[in-house]
Trainee: 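I have a structure I would like to understand better, so I am pasting it below and will then ask my questions one at a time.
Side chains are part of it too, since the values below use all heavy atoms of this structure and drop only hydrogens, waters and symmetry mates.
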Amino acid sequence: MSLPDFPTSDTALQLPGPVGVLEAKLEFPDAGVDRQAVIAIVCHPLPTDGGTMDNKVVMTTARALRELGITTLRFNFRGTGNSAGEFDHGVGESDDLRAVAAWLRAAHPDARLWLAGFSFGSFVSLKNAVELHADAVISIAPPVAGRGWDFSHIDLPQVPWLVVMGEADEIVEPKAVFDWIDALPQPPTLVRMPETSHFFHRKLIDLRQVIQQWARPLLPPVA
């Protein structure tokens, strides 16, 4: 895959955001892995609870995708790490995601865009998936109840969509997630992971395998 105006190796970036610089990391598949014409943006969990683009679930998700040949971009929402601004309860963070997606589209308009997110990041990515014309969506531990994020008015994507939920999640109520999915007219693919906490302690390898098993059939063979 040719990426005009892109670095050719893993690169730390400072991208233009709505309120200033957004700290980001562009990462390519390892040497010897055929590159797909797909770029995935992976969104991190709640900044006010310590969530950053270096969260282990975020990094595992990105690694799982790169092993399939997908280029990934992790970034810090406003007010996190070296990104400018202040936390904005999902509103400004949506603007941040749009800015990052716009940068990717401008650099490589022909690439398919996948969106992934963990916890708060899954709310932001899902909320903007339709507007950004995402080709696939991955939602890990989406906080559909009890955390203050309104999923009820989200325009849900009509593209391949994976939800991964730990059955022992101590932060997001698993039953609320399962009930929410059951009520959707076109539910996503749901993978329930037993004995798995919110941060997937000792389950990161399993999470990587789940993501890859779901994503692999969506990718065409690389000529």
Side-chain angles (χ1 to χ4, degrees), residues 40-62 64 74-81 83 85-98 100 114-132 134 136-157 159-201 203-204 206-207 210-211 214:
I41 302 173
V42 187
C43 298
H44 68 74
L46 193 63
T48 54
D49 284 348
T52 75
M53 67 177 182
D54 294 325
N55 169 270
K56 290 183 179 180
V57 175
V58 171
M59 295 182 70
T60 296
T61 301
R74 297 177 286 120
F75 75 99
N76 276 329
F77 289 124
R78 58 184 60 196
T80 304
S83 291
E86 298 179 354
F87 178 66
D88 195 28
H89 306 279
V91 178
E93 288 76 13
S94 291
D95 292 337
D96 296 341
L97 174 57
R98 294 187 194 105
V100 171
W114 288 22
L115 296 179
F118 168 45
S119 199
F120 173 74
S122 71
F123 168 69
V124 175
S125 55
L126 185 63
K127 178 182 177 182
N128 294 282
V130 171
E131 178 183 340
L132 295 177
V137 179
I138 300 171
S139 303
I140 301 172
V144 303
R147 300 289 291 174
W149 317 116
D150 185 6
F151 281 71
S152 63
H153 298 297
I154 291 178
D155 188 8
L156 297 175
V159 297
W161 174 24
L162 171 69
V163 173
V164 185
M165 189 67 206
E167 293 184 340
D169 194 311
E170 71 284 15
I171 293 177
V172 175
E173 172 55 50
K175 185 177 185 303
V177 175
F178 304 148
D179 290 346
W180 170 66
I181 289 175
D182 286 342
L184 296 178
Q186 293 182 286
T189 299
L190 170 64
V191 175
R192 301 167 58 143
M193 292 183 58
E195 300 179 354
T196 301
S197 67
H198 186 69
F199 293 101
F200 292 79
H201 295 307
K203 298 288 186 176
L204 291 172
D206 296 335
L207 174 63
V210 165
I211 292 170
W214 173 83

Trainee: Testing Arg147, His44, His198 for side chain to side chain donor-acceptor pair (under 3.5 Å) with Ser119, which one passes?
Mentor: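 Running side chain to side chain donor-acceptor pair (under 3.5 Å) over Arg147, His44, His198 with Ser119 returns exactly one hit, His198.
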
Trainee: CG of Asn128 to CG of Leu97: how many Å apart, nearest 0.5 Å?
Mentor: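 The CG atom of Asn128 sits 5.0 Å away from the CG atom of Leu97.
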
Trainee: Quick one: does Trp214's side chain get under 4.5 Å of Val191's, heavy atoms only?
Mentor: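 In short, these two side chains do not touch, never coming nearer than 4.5 Å.
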
Trainee: Using a 4.5 Å cut-off on heavy atoms from C-beta on, say whether the side chain of Val172 contacts that of Pro142.
Mentor: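 No, too far: nothing below the 4.5 Å cut-off.
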
Trainee: Take atom CD of Gln186 as the centre, draw a 6.0 Å sphere, and report whether it contains more than 12 heavy atoms from other residues, nucleotides or ligands.
Mentor: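 Incorrect, the count does not exceed 12.
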
Trainee: Tell me the closest heavy-atom pair linking Pro174 and Glu167, and the distance in Å.
Mentor: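 What the structure gives for the nearest pair is CG-O, 3.6 Å.
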
Trainee: Side chains of Phe178 and Met165: closer than 4.5 Å at any heavy-atom pair?
Mentor: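 Of all side-chain heavy-atom pairs linking Met165 with Phe178, at least one is under 4.5 Å.
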
Trainee: Quick one: pull up CD1 in Ile140 and SG in Cys43 and give me the separation to the nearest 0.5 Å.
Mentor: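 It comes to 11.0 Å.
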
Trainee: Determine yes or no for a side-chain-to-main-chain donor-acceptor pair under 3.5 angstrom, with Glu93 supplying the side chain and Asp88 the backbone.
Mentor: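 Flag set: sc Glu93 to bb Asp88 pair under 3.5 Å.
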
Trainee: Going by heavy atoms in the side chains, are Phe200 and Met193 under 4.5 Å from each other?
Mentor: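 Result yes, sub-4.5 Å side-chain heavy-atom pair found.
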
Trainee: Report the distance from atom CD1 of Ile41 to atom CD1 of Ile138, rounding to the nearest 0.5 Å.
Mentor: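 If we round to the nearest 0.5 Å, Ile41:CD1 and Ile138:CD1 are 12.5 Å apart.
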
Trainee: Any non-hydrogen side-chain atom of Pro143 less than 4.5 Å from a side-chain atom of Phe151?
Mentor: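 Counting from C-beta outward, Pro143 and Phe151 do come under 4.5 Å.
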
Trainee: Return the minimal non-hydrogen interatomic distance between Ala116 and Thr61, and the atom names on each side.
Mentor: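 Looks like CB-CG2, 4.1 Å.
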
Trainee: Can you tell me how far OG of Ser122 sits from CG of Leu162, rounded to the nearest 0.5 angstrom?
Mentor: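 These two atoms lie 11.5 Å from each other.
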
Trainee: Looking at every heavy atom in both Thr60 and Leu204, which two are closest together, and how far apart are they?
Mentor: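 Smallest interatomic distance, heavy atoms only, reads CG2-O, 3.4 Å.
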
Trainee: With distance as the sole test, does Thr196 use its side chain to make a donor-acceptor pair with the main-chain N or O of Pro194 at under 3.5 Å?
Mentor: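 Present.
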
Trainee: When you measure from the side chain of Asn76 to the backbone N and O of Thr52, does any donor-acceptor pair fall under 3.5 Å?
Mentor: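 No.
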
Trainee: Side-chain contact, heavy-atom cut-off 4.5 Å: Arg74 with Asp54?
Mentor: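 Arg74 vs Asp54: side chains touch.
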
Trainee: Phe199 vs His201 aromatic rings, parallel, tilted or perpendicular, using cut-offs 30° and 60°?
Mentor: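 Because their plane-to-plane angle lies in the 30° to 60° range, the rings of Phe199 and His201 count as tilted.
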
Trainee: Which heavy atom of Ala141 sits nearest to which heavy atom of Asp169, and what is that distance?
Mentor: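 For Ala141 and Asp169, the tightest heavy-atom pair comes out as CB-OD2, 3.8 Å.
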
Trainee: What I'd like to find out is whether the side chain of Pro45 reaches to under 4.5 Å of the side chain of Val57, using heavy atoms alone.
Mentor: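 The answer is no, as the side chains (C-beta and beyond) never meet within the 4.5 Å cut-off.
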
Trainee: Measure from the ring center of His89 to the ring center of Phe123 and say whether it is less than 6.0 Å.
Mentor: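 No.
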
Trainee: Any side-chain heavy-atom pair from Glu131 and Asp155 closer than 4.5 angstrom?
Mentor: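 No - every pair of side-chain heavy atoms lies 4.5 Å or more apart.
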
Trainee: Measure the spacing between CG of Leu184 and CH2 of Trp161 and express it to the nearest 0.5 Å.
Mentor: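 Atom-to-atom, Leu184:CG and Trp161:CH2 are 5.5 Å apart.
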
Trainee: Determine the minimum heavy-atom distance between Leu115 and Ser125, stating which atoms define it.
Mentor: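 Closest heavy-atom pair between Leu115 and Ser125: CD1-O, 3.6 Å.
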
Trainee: Between Asp95 and Arg78, which heavy-atom pair has the shortest distance, and what is it?
Mentor: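 Heavy-atom minimum between the residues: CB-NH2, 3.9 Å.
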
